[in-house]
Protein chains: 2
Amino acid sequence: MKTDLDDIDRRLIAILQNDGRRSFKEISEETGIPASSVRYRVQRLEESGTLQIVGVADPLRIGFDRLALVGLKCEMGKARLVCEELSKLPETSYVVLTTGPFDVMVEVVCRDVAHYTEFLHDRLPKQDGIIGAETFFVLEAYKLAYGWGVGDAPADSTGDAGDEPSAEPEGAPTT
Amino acid sequence: MKTDLDDIDRRLIAILQNDGRRSFKEISEETGIPASSVRYRVQRLEESGTLQIVGVADPLRIGFDRLALVGLKCEMGKARLVCEELSKLPETSYVVLTTGPFDVMVEVVCRDVAHYTEFLHDRLPKQDGIIGAETFFVLEAYKLAYGWGVGDAPADSTGDAGDEPSAEPEGAPTT
DNA sequence: AATGAAATTTAAACCAT
DNA sequence: ATGGTTTAAATTTCATT
């Protein structure tokens with residue numbers, strides 16, 4: 001549960017955010033840190049849950065054509081319960097508790113409109129605590145970045161290599 | 001710009017969604033597909049933008065505490081331009097064109113409230129085509145999944161290994 | 001906890017089908 | 001597009017500081 005990263009950790013994360021398969025040796029050459037140390041650090045980051053190296057597939061290209069963002073209004077005091085329950089559903093890929101006009105925002109990934117309809121009209125109404133839902137269908141995805149923040153992280157004393165901070169599938173939208 | 005994946009592609013994606021650094025040789029043994037073919041396929045998936053292998057850092061553990069979803073109303077015909085431009089900003093991690101009350105939805109990751117304020121009040125207004133913005137601050141993130149859909153993809157004739165479909169940082173909310 | 005050097009494993013390039 | 005083979009490179013292990 002360590003939360004304190006040093007500049008080396010941040011540099012390693014920044015590099016891996018761009019390319020999760022960069023070899024430790026290349027990272028070593030790029031940073032001047034010994035390869036075995038790079039590996040040691042990365043392993044620690046992974047084990048602590050701070051960093052995950054994963055394959056990310058563009059849902060719009062793999063047959064899951066219907067992405068929707070859904071804003072939910074919940075009964076007072078029920079929003080967290082709603083979050084917990086919706087997190088368990090396979091269709092949800094993003095569930096957060098928010099301030100503002102909606103209490104909960106959810107991203108739902110469906111194969112097609114029928115799949116979404118079933119989700120919205122059969123599944124959601126069964127969930128206790130939800131008052132209303134507003135659907136935002138995703139027409140085009142311009143940026144789906146999973147590399148957060150480290151690229152322009154607080155003061156990098158190790159000397160920044162000027163890497164791009166985030167990883168997008170492509171410059172152009174995917175439809 | 002191929003969009004048609006076969007079952008082999010889907011299996012490779014499913015495996016890499018769980019662990020982006022699995023060696024091609026291991027994948028080869030697991031699937032029975034020759035290692036050179038595995039590499040060839042993965043390379044194609046990456047080059048076509050279908051799959052990305054990236055390091056994902058938990059923003060709430062690396063000092064980027066302020067996540068916000070922002071719904072934007074745009075001038076008629078300007079929404080795509082807005083998407084393109086906002087995608088270029090380092091603070092945005094998610095930019096999509098939507099139907100519904102908002103034309104564009106954006107996820108913004110900031111270090112602190114001051115950083116977000118600067119983004120919302122200094123940077124956004126300079127962008128042509130935006131009429132209005134509504135902020136949903138993320139209080140708690142319950143699910144941040146990067147593995148989309150493939151886990152329960154349409155009929156897998158190659159014989160599914162029963163891997164977990166998605167990768168969440170944690171079951172409980174991160175605050 | 002971090003590093004260096006060894007042995008082992010893996011990936012990349014190539015070529016044939 | 002696939003599969004095999006070889007060469008070069010990277011990872012892992014383990015001893016050392």
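All values derive from a computational prediction rather than experimental measurement. In what follows, chains are A, B, ... by sequence order, proteins preceding strands, each numbered from 1.
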(request) Before accepting this row, confirm whether a basic side-chain N of the pair R21(A)/E46(B) lies closer than 4.0 Å to the acidic partner's carboxylate O. (result) no
(request) Starting at atom CD1 of I27(A), determine the distance to atom P of dA10(D), rounded to an integer number of angstrom. (result) 11 Å
(message) Just the rounded figure in Å: distance from P of dA1(C) to CG of D4(A).
(response) 14 Å
(request) Would you tell me whether T135(A) and Y116(A) have side-chain atoms, one donor and one acceptor, within less than 3.5 Å of each other? (result) yes
(request) Tell me what S37(B) touches on the nucleic acid: a base, only sugar-phosphate, or nothing, going by heavy atoms under 4.0 Å. (result) base
(message) Is there, by distance only and without an angle test, a donor paired with an acceptor across the side chain of R41(B) and the base of dA1(D) below 3.5 Å?
(response) no
(message) Taking the cut-offs as 6.0 angstrom to the six-membered ring centre and 45 degrees off its axis, would you call R10(B) and F64(A) a cation-pi pair?
(response) no
(message) Output the rounded distance in Å from CG (D6(A)) to C1' (dA1(C)).
(response) 12 Å
(request) Rounded to the nearest angstrom, tell me the gap between atom OH in Y40(A) and atom C1' in dA15(D). (result) 15 Å
(message) Between D6(B) and R41(B), does any side-chain N to carboxylate O distance fall below 4.0 Å?
(response) yes
(message) What's the closest nucleotide to the side chain of F24(A) if the choices are dT2(D), dA2(C), dT11(D)?
(response) dT11(D)
(request) Using heavy atoms to find the nearest nucleotide of DNA chain C for E26(B) and S36(A) separately, return the residue whose nucleotide is more 5′. (result) S36(A)
(request) Look at the side-chain N and O atoms of R39(A) and state whether any lies under 4.0 Å from the OP1 or OP2 oxygen of dT3(C). (result) no
(request) Rounded off to whole Å, could you give me the CZ-to-P distance for the R44(B) and dG3(D) pair? (result) 15 Å
(request) Round to a whole Å and report the spacing from CD of Q43(B) to P of dA1(D). (result) 12 Å
(request) Report yes if at least one side-chain N or O of K25(B) is closer than 4.0 Å to OP1 or OP2 of dT10(C); otherwise report no. (result) yes
(message) Check this for me, if you would: do K88(B) and E85(B) make a salt bridge, where the nitrogen-to-carboxylate-oxygen distance has to be below 4.0 angstrom?
(response) yes
(message) If I take atom CD1 in residue I33(A) and atom C1' in nucleotide dT11(D), what distance separates them, rounded to the nearest angstrom?
(response) 17 Å
(request) Using atom CZ of R22(A) as one end and atom P of dA12(C) as the other, report the distance to the nearest whole Å. (result) 13 Å
